[in-house]
Amino acid sequence: MPTVVPRKMPGVLELLPRDQVAMQKMLDTIRQVFESFGFLPISTPALELTEVLLTKTGGDTERQVYLAQSTGARAQGHEPDLALRFDLTVPLARYVAEHEGQLNFPFRRYQIQPVWRGEAPQRGRFREFIQCDIDVVDRDSLSIRYDAEMPAIISELFTRLDIGNFTIRLNNRRLLRGLLSELGVESADLQGHVLRELDKLDRDGIDAVARALAARGMAATVVDRLLTMAGPGPLKGIAAAEMLKALPAANDAMSQGRDELLSVLSMIEMQGTDPNRIAVDLSIARGLDYYTGTVYETTLDGHEELGSVCSGGRYDDLASLYSKSRLPGVGISIGFTRLFDQLRDLGLVGSASNVQVLVTLIDDDGLSTSLALASVLRTAGYNTEMTMTTGKLSRQLKYADKAGIPLVVIAGEDERQRGTLQLRNLLTKTQVEIPTSDLAATVGRIL
RNA sequence: GUGGCCGUAGCUCAGGUGGUUAGAGCGCCAGGUUGUGGCCCUGGAGGUCGGGGGUUCAAGUCCCCUCGGUCACCCCA
């Protein structure tokens, strides 16, 4: 009698095989696009030393990190010295600093791995989820041109994923900081709060944000000027450039940020990226404050409520905690698990088997024939499953149907005497009798 | 970390004011004559009503505690 209820920790996504196939296809597409832009794969261990991972003791981050230790260490009363990675950026920083001497700069890496966060799980919030990250990291300085490459990658990626139209929103944190300091919002703490409120313009509307800012102690006139400049929403093409040029260059940060954004826009145009996919939106800020320049967010048109599905930005120094070298970079990240889960809810991902053919077994005398046919199909490159025990044909067909296997091979006594087989297509409900020697070629024609 | 809602078969849920052997749909299994699936028909398996305590002649139904799930906020992917 079972005594343990089979259940898993909340906040993890576990799929049935047909959905898992769809997920892997999506991951394959992402990887192919990353590689097509010349990014190299790396993989880091799930567990990092706590002294490495938890150096930036951000209060919230620390609260969400899963600590780990061996049972032996625990029995001896030691504090956990290991922790599960909560993102891919900190491990990248450690990786680059550790292997700096052997890497080829500018270093372009992609990384597709799970991360863990001890959150209160809710819809779209997971404790274990896959991130797909790319970053370009260089020593001393990194050209602004790399900032323009990111939207090209995002655009190619979401076009290939074929899940509808999307908008890549750009902003520049330097510009925002300059704007805030021009408005007298100087403290980094207050700036952080203001940027987070600005980020909510989309969701909460201008009035709610104005009230929230006023509650932070900002004067009404300042709030008004801020929302006038940052609040016109996403602007595309000429309108975006004109809006930027009309901004007052009140300080160095503002003019530098604005120039960076303008040059990114001009590079994007040169690359031939679809201009309808690109918008400038001065309200996006990204929560993380290690971004220093360009920032990106991507939303799916018509599904803005999902939030950003691909975000990133430019940072001044990736690994200041681990290395004396100055390592500026720019990168983007896809919260893949959330994206996949939401797309599945919206019915935007398919579900299929990766098994292409089922070879049935009608009677034991046909065992060697069926085994040979399955072998022929596999040699020809088709994913083939074979039924190993005889059973009613109706059951074998039902099995294939339920499993999502499109083709079924039937070779009973009659067919064997004729040197033929039945090839049934479950999708079209059609069936042809063909010579056994034609099997691979016929399957190839159908699939 | 703060606050709201919910816990009855594998899943989604019914079960007025407490009262005989707790139900439905879907799913699952087996049949509907010998080798053709998704439809239909018949039959079957499956629940100590999250757990513990209390009130009562009697509790899935009322009260308390506890565990679990879920949503919003915070923060984020």
Side-chain angles (χ1 to χ4, degrees), chain A residues 1-2 5-11 13 16 58-65 85-89 112-133 192-193 195-197 199-200 203-204 208 212 285-291 296-299 306-313 331-343 358 360-366 370 387 390-417 421-433:
Chain A
M1 182 202 271
V5 180
R7 61 197 196 101
K8 53 196 181 305
M9 65 181 254
L13 183 67
L16 292 174
D60 255 17
T61 307
E62 185 134 19
R63 200 180 80 203
Q64 296 191 330
V65 168
R85 68 169 108 81
F86 56 87
D87 71 4
L88 299 180
T89 303
I112 299 174
Q113 289 195 287
V115 303
W116 293 268
R117 292 183 195 177
E119 303 221 39
Q122 293 175 29
R123 167 167 296 277
R125 314 198 58 170
F126 294 91
R127 287 175 164 175
E128 175 186 77
F129 59 96
I130 294 172
Q131 283 195 325
C132 308
D133 277 30
H193 285 300
L195 293 181
R196 270 192 289 277
E197 294 299 337
D199 229 19
K200 295 178 188 164
R203 194 191 66 189
D204 298 348
R286 301 271 69 225
L288 299 172
D289 35 58
Y290 57 76
Y291 291 124
Y296 318 93
E297 286 198 354
T298 311
T299 51
L306 300 184
S308 176
V309 295
C310 177
S311 317
I332 54 174
S333 175
I334 299 171
F336 178 80
T337 301
R338 172 190 281 183
L339 173 62
F340 180 82
D341 190 47
Q342 290 169 329
L343 291 176
L358 176 73
T360 60
L361 184 62
I362 305 300
D363 56 281
D364 283 323
D365 288 343
S370 288
T387 308
T390 58
K392 294 176 67 170
L393 181 57
S394 67
R395 291 196 54 74
Q396 299 189 46
L397 286 169
K398 195 174 172 184
Y399 172 83
D401 181 55
K402 193 176 162 188
I405 303 170
L407 295 179
V408 173
V409 169
I410 304 161
E413 194 180 346
D414 297 347
E415 288 85 4
R416 295 201 298 275
Q417 284 184 356
L421 56 82
Q422 306 282 349
L423 182 61
R424 182 166 183 78
N425 185 330
L426 296 195
L427 303 179
T428 61
K429 293 189 272 193
T430 56
Q431 184 169 318
V432 289
E433 181 165 357

Paired stems touching RNA chain B, three or more consecutive Watson-Crick or G-U pairs with both distances under 3.5 Å?
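So far as stems of 3 or more pairs are concerned, RNA chain B shows B:1-7 with B:67-73, B:10-13 with B:23-26, B:28-32 with B:40-44, B:50-54 with B:62-66.
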Atom [atom1], compared across [N] and [M]: separation rounded to whole Å:
N     : M     : atom1 : value
B:G60 : B:G52 : P     : 12 Å
B:G46 : B:A22 : P     : 14 Å
B:G47 : B:G10 : C1'   : 11 Å
B:G1  : B:C75 : C1'   : 11 Å
B:C74 : B:U8  : C1'   : 35 Å
B:A24 : B:A14 : P     : 16 Å
B:G7  : B:G44 : P     : 31 Å
B:U56 : B:C62 : C1'   : 10 Å

Out of B:G37, B:G35, B:G1, which nucleotide sits closest to the side chain of A:Ala120?
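Out of B:G37, B:G35, B:G1, the nucleotide with an atom closest to A:Ala120's side chain is B:G1.
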If you check the A:Arg338 side chain, which of B:A77, B:G38, B:G1 turns out closest?
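That would be B:A77.
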Stacking between A:Tyr399 and the base of B:G37 (centre distance under 5.5 Å, interplanar angle under 30°)?
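No.
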Heavy atoms only, 4.0 Å cut-off, all strands: where does [X] land among base, sugar-phosphate and nothing?
X        : value
A:Gln396 : nothing
A:Ile334 : nothing
A:Glu128 : nothing
A:Gly124 : base
A:Phe336 : nothing
A:Asp363 : nothing

Between [X] ([atom1]) and [N] ([atom2]), how many Å, whole number?
X        : N     : atom1 : atom2 : value
A:Leu397 : B:C39 : CG    : P     : 14 Å
A:Gln122 : B:C74 : CD    : P     : 11 Å
A:Glu415 : B:U36 : CD    : P     : 12 Å
A:Glu197 : B:C74 : CD    : C1'   : 11 Å
A:Arg117 : B:C74 : CZ    : P     : 17 Å
A:Glu119 : B:C73 : CD    : C1'   : 13 Å
A:Lys402 : B:G37 : NZ    : C1'   : 12 Å
A:Gln431 : B:G37 : CD    : P     : 11 Å

Is a donor-acceptor pair below 3.5 Å formed from side chain A:Arg125 to base B:A77, judging by atom type as modelled?
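Per atom types, no contact qualifies.
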Measure distances between side-chain N and O atoms of A:Arg395 and base N and O atoms of B:C29, and say whether any donor-acceptor pair falls under 3.5 Å.
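Donor-acceptor pair under 3.5 Å: no.
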A:Glu197 bridged to A:Lys200 by N-O distance under 4.0 Å
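The answer is yes: the pair qualifies as a salt bridge.
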What are the two closest heavy atoms between A:Gln396 and A:Leu358, and how far apart are they?
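Between these two residues, the closest heavy atoms are O-CD2, 3.7 Å.
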How close do A:Cys310 and A:Ile334 get, counting heavy atoms only, and between which atoms?
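Scanning both residues, the minimum pair turns out to be SG-CG1, 3.8 Å.
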Looking at [N], I'd like to know if its phosphate oxygens (OP1 or OP2) sit under 4.0 Å from a side-chain N or O belonging to [X].
X        : N     : value
A:Arg424 : B:G37 : no
A:Lys200 : B:C74 : yes
A:Lys392 : B:G32 : yes
A:Gln422 : B:U36 : no

Backbone of [Y] reached by a side-chain donor or acceptor of [X] within 3.5 Å:
X        : Y        : result
A:Arg338 : A:Gly124 : yes
A:Ser308 : A:Thr298 : yes
A:Thr337 : A:Ile130 : yes

Counting only heavy atoms not in A:Glu413, do more than 12 fall under 6.0 Å of its CD?
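Check fails, neighbour count at 12 or below.
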So for atom CG, which belongs to A:Leu427, do other residues, nucleotides or ligands contribute more than 12 heavy atoms lying within a distance under 6.0 Å?
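Check passes, neighbour count above 12.
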Using 0.5 Å steps for rounding, measure from the CD atom of A:Glu128 to the CE atom of A:Met9.
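That separation rounds to 6.5 Å.
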Taking only residues two or more places apart in sequence or in another chain, which ones pass side-chain contact (heavy atoms from CB on, under 4.5 Å) with A:Ile362?
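side-chain contact (heavy atoms from CB on, under 4.5 Å) list for A:Ile362, sorted by chain: A:Thr360, A:Leu393, A:Ile410.
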For A:Lys398 and for A:Phe126, locate the closest nucleotide of RNA chain B by heavy-atom distance; then report the residue assigned to the nucleotide nearer the 5' terminus.
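Final value for this comparison: A:Lys398.
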On RNA chain B, does the nearest nucleotide to A:Val309 precede the nearest nucleotide to A:Ala411 from the 5' side, or the other way round? Give the residue.
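Result of the comparison: A:Ala411.
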